[in-house]
Amino acid sequence: AKEQGGGGRLEIYAADMHAQVVSRLELQTELRQALANGDFLLEYQPVVDLESSQVTAVEALVRWRRGGELVMPDVFIGPAEQSGLIVPLGEWILREACAKVALWRASDWDIALSVNLSVKQVLQPRFVETVAGVLAESGLPAGVLTMEVDEEVLLENPGEAVERLSELRRLGVRLAIDDFGMGYASLAHLRQLRVDAIKIDPSFIRDLGTDGTVTLLTHTIIRLGQDLGMQVIAEGIERAEQLEQLRSMGCGYGQGFLVARPMVAGGVEALVGGEAEIAL
Ligand code: C2E
Ligand code: MG
Ligand code: MG
Ligand code: MG
């Protein structure tokens, strides 16, 4: 194809674009069917208090059971946002996670829940009512629920997003900034929107202890969060040295494969029942 003139390349390009559009539309159709068929499921990743090693919360993470394979959210959240399916899907995720955590709490386990939000959901007119409705239905106290947004939420439609999220917070729901430090103007966002927690992006944790600048930045983020009265959660802890560094810097909470991998509900139940424990 390289030997052909420009016209030939253009045709190949057009055919390629066409194939991409078709496959995106097919994926969106498949996703809609998956929601109708109940082919989504949730995994839960424990969040641990680094001082006591106690599991204090779980973060709900969605997966798609597609034939025999488990498809990860990086593949389908984007398309679900583009097609608008994220609105009903997000509602299903919230309802499912709240029901499960309400059940675990009923067995006398003081566990909190974190759920990820897409900007499309936040900008939906009935968003706050929907969350309030799901909480009422599950009996979960609002303060047990944290909603995680990444900084992208604040870029798309800042005024409106901040208004909606502040309204949510007035219900008593907690807010967290996910992937903190990655976005453009992370610090400016803390001025715009009051949040209860920041989750330090895994890219910082990865280079902890080996890259002096990253180590200093991480320490600064931890102190900043604490000074602002926020919970600070380090994400992506994979190695013991990272855990040690974070502890010595006074980071309050952590999440990562070293602590615990995302697990199906049954796995969390084993933790509740004391059949499994997290050793740190
Ligand atoms: P996130 O909210 O930042 O979630 C953390 C991701 O990091 C999860 O990937 C988790 O499995 C992974 N992770 C946790 N610990 C480690 C570690 O130690 N090392 C590494 N390498 N990875 C770790 P996952 O489940 O594939 O989710 C990816 C992203 O998809 C999430 O990032 C979130 O932005 C989005 N997502 C997941 N579930 C939902 C959902 O229910 N709704 C929405 N809107 N987005 C979701
Ligand atoms: Mg998250
Ligand atoms: Mg994210
Ligand atoms: Mg994150």
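Predicted model only: the values in this text are computed from it and were never measured. In listed order, ligands and their atoms are each counted from 1.
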> Under 4.0 Å from ligand 1, counting heavy atoms only, is it the side chain of L42, its backbone, both or neither?
Replying inline: neither
>> Can you name the atoms of ligand 1, numbered from 1 with element, that are less than 4.0 Å from a heavy atom of Q45?
In response: 14 (C), 15 (N)
> Can you name the closest pair of heavy atoms from S118 and E81 and give their distance?
Replying inline: OG-OE2, 2.7 Å
> Counting from 1, what ligand 1 atoms have a heavy atom of G256 closer than 4.0 Å?
Replying inline: 15 (N), 18 (O)
> If you measure only the distance, is there a donor-acceptor pair under 3.5 Å linking the side chains of E59 and N116?
Replying inline: yes
> Transitively linked via ILVMFWY side-chain contacts under 4.5 Å: V149 with Y253?
Replying inline: no
> Under 4.5 Å between any side-chain heavy atoms of L258 and L243, yes or no?
Replying inline: yes
>> Go through it in stages, so that I can follow the logic: the residues are T130 and E91, the test is side chain to side chain donor-acceptor pair (under 3.5 Å), and I'd like the CA-CA distance, side-chain angles, deciding distance and then a yes or no.
In response: CA-CA 8 Å; T130 302; E91 196 175 325; 4.5 Å; no
> Does a side-chain N-to-carboxylate-O contact under 4.0 Å join D211 and R206?
Replying inline: no
> Between OD1 of N116 and OE1 of E148, what angle is found at the Mg ion (ligand 2), rounded to 10 degrees?
Replying inline: 90°
> What N/O/S atom of D178 is the closest to the Mg ion (ligand 2)?
Replying inline: OD2
> Can S118 be said to touch ligand 1, with heavy atoms closer than 4.0 Å?
Replying inline: yes
> Do the rings of W64 and F76 sit parallel, tilted or perpendicular, given the 30° and 60° boundaries?
Replying inline: perpendicular
>> Test of understanding: given a 4.0 Å heavy-atom threshold, classify the contact between I93 and ligand 1 as side chain, backbone, both, or neither.
In response: side chain
>> E43 vs R261, test: salt bridge (Lys or Arg N to Asp or Glu O under 4.0 Å). Steps then yes/no.
In response: CA-CA 9 Å; E43 288 193 330; R261 290 194 172 250; over 6 Å; no
> Relative to the heavy atoms of D178, which atoms of ligand 1 are at a distance of less than 4.0 Å?
Replying inline: 1 (P), 2 (O), 3 (O)
> Just heavy atoms, cut-off under 4.0 Å: does R63 contact ligand 1 by side chain, backbone, both, or neither?
Replying inline: side chain
> Hey, is ligand 1 close enough to Q255 that some N/O pair sits below 3.5 Å?
Replying inline: no
>> Quick check on P262 - does any of its heavy atoms sit under 4.0 Å from an atom of ligand 1?
In response: yes
> Does K199 have a non-hydrogen atom less than 4.0 Å from ligand 1?
Replying inline: no
> Using a distance-only test with no angle check, is there a side-chain donor-acceptor pair under 3.5 angstrom linking R174 and Q231?
Replying inline: yes
>> Once you restrict to heavy atoms under 4.0 Å, what part of D179 touches ligand 1? Side chain, backbone, both or neither.
In response: side chain
> Using 30° and 60° as the class limits, which term best fits the ring planes of W104 and Y44: parallel, tilted or perpendicular?
Replying inline: perpendicular
> Does even one non-hydrogen atom of E235 get within less than 4.0 Å of ligand 1?
Replying inline: yes
> Any link between L175 and I233 through a network of hydrophobic side chains (Ile, Leu, Val, Met, Phe, Trp, Tyr) touching at under 4.5 Å?
Replying inline: no
> If you measure from each heavy atom of R261 to ligand 1, is any distance below 4.0 Å?
Replying inline: no
> Which single N/O/S atom of E59 lies at minimum distance from the Mg ion (ligand 2)?
Replying inline: OE2
>> At less than 4.0 angstrom from any non-hydrogen atom of D74, what atoms of ligand 1 do you find?
In response: 28 (C), 29 (C), 30 (O)
> Would you say E238 contacts ligand 1, with heavy atoms under 4.0 Å as the rule?
Replying inline: yes
> Once rounded to 10°, what is the value of the angle centred on the Mg ion (ligand 4) between D179 OD1 and E235 OE1?
Replying inline: 130°
> Mind checking whether F257 has an N or O less than 3.5 Å away from an N or O of ligand 1?
Replying inline: yes
> Taking atom types as modelled, is there a side-chain donor on K199 or Q255 under 3.5 Å from an acceptor on the other?
Replying inline: yes
